[in-house]
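All figures in this text were calculated on a predicted structure; none of them were measured in a lab. Note that these values count all heavy atoms, side chains included, but never hydrogens, waters or copies made by symmetry.
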Amino acid sequence: MSTGVDRSEWTITSTCRICRAAWNLAPGIIGANAVGKAQFKRQPANEEETMQAWRAALACPTGSILAPHGLKMPENVFPQRLADDLYRL
């Protein structure tokens with residue numbers, strides 16, 4: 001059964017509810033489209049951007065951010081070290 005969603009690259013589905021979590025966690029690669037929903041401005045280009053995409057996917061309350069089919073999630077996505085003794089859980 002086909003879902004109609006392209007899983008060959010990072011994707012954000014139409015179920016996005018404009019919570020802003022995605023572009024706060026991945027500001028260089030995710031932004032808002034014309035109606036305010038999250039969209040990938042471009043695909044992650046390196047390991048750090050891929051980690052940002054994973055963080056956004058895990059934080060998405062509707063599960064709208066989909067990784068490319070077969071891409072395994074790293075074990076150390078969270079906690080994210082922000083500074084000495086400061087972490088995002």
Where Cys16 and Ala38 come nearest, the two heavy atoms and their spacing: SG-N, 3.3 Å
Salt bridge (charged side-chain N to carboxylate O under 4.0 Å, His left out) partners for Arg20, two or more places apart: none
Answer yes if Trp23 and Phe40 sit in the same cluster of Ile, Leu, Val, Met, Phe, Trp and Tyr residues linked by side chain heavy atoms under 4.5 Å apart, and no otherwise. yes
In terms of heavy-atom contacts, Ala53 and Ile65 come closest through O-CG2, 4.4 Å
Of Leu25, Asn76, Asn46, the one forming a side-chain contact (heavy atoms from CB on, under 4.5 Å) with Met51 is Asn76
Side chain to side chain contact (heavy atoms under 4.5 Å, CB included) partners for Thr62, two or more places apart: Thr15, Arg17, Cys60, Ser64
Whether Arg7 side chain and Ala67 backbone form a donor-acceptor pair below 3.5 Å: yes
Looking at OG of Ser8 and CG of Leu71, how far apart are the two atoms once the value is rounded to the nearest 0.5 Å? 12.0 Å
Please work out whether the ring planes of Trp54 and Trp10 are parallel, tilted or perpendicular, with thresholds of 30° and 60°. perpendicular
Ignoring hydrogens and angles, write down the donor-acceptor pairs under 3.5 Å from the side chains of residues 27-35, residues two or more places apart or on other chains.
| unit_1 | atom_1 | unit_2 | atom_2 | d |
| --- | --- | --- | --- | --- |
| Asn33 | OD1 | Val35 | N | 3.0 |
| Asn33 | OD1 | Gly36 | N | 3.1 |
| Asn33 | OD1 | Lys37 | N | 3.0 |

Decide salt bridge (Lys or Arg N to Asp or Glu O under 4.0 Å) for Lys41 and Glu49; before the verdict, give the C-alpha distance in whole Å, the side-chain angles of both, and the deciding distance to 0.1 Å. CA-CA 12 Å; Lys41 298 187 289 189; Glu49 289 181 349; over 6 Å; no
With a 4.5 Å heavy-atom cut-off, do Leu66 and Ile12 have their side chains touching? no
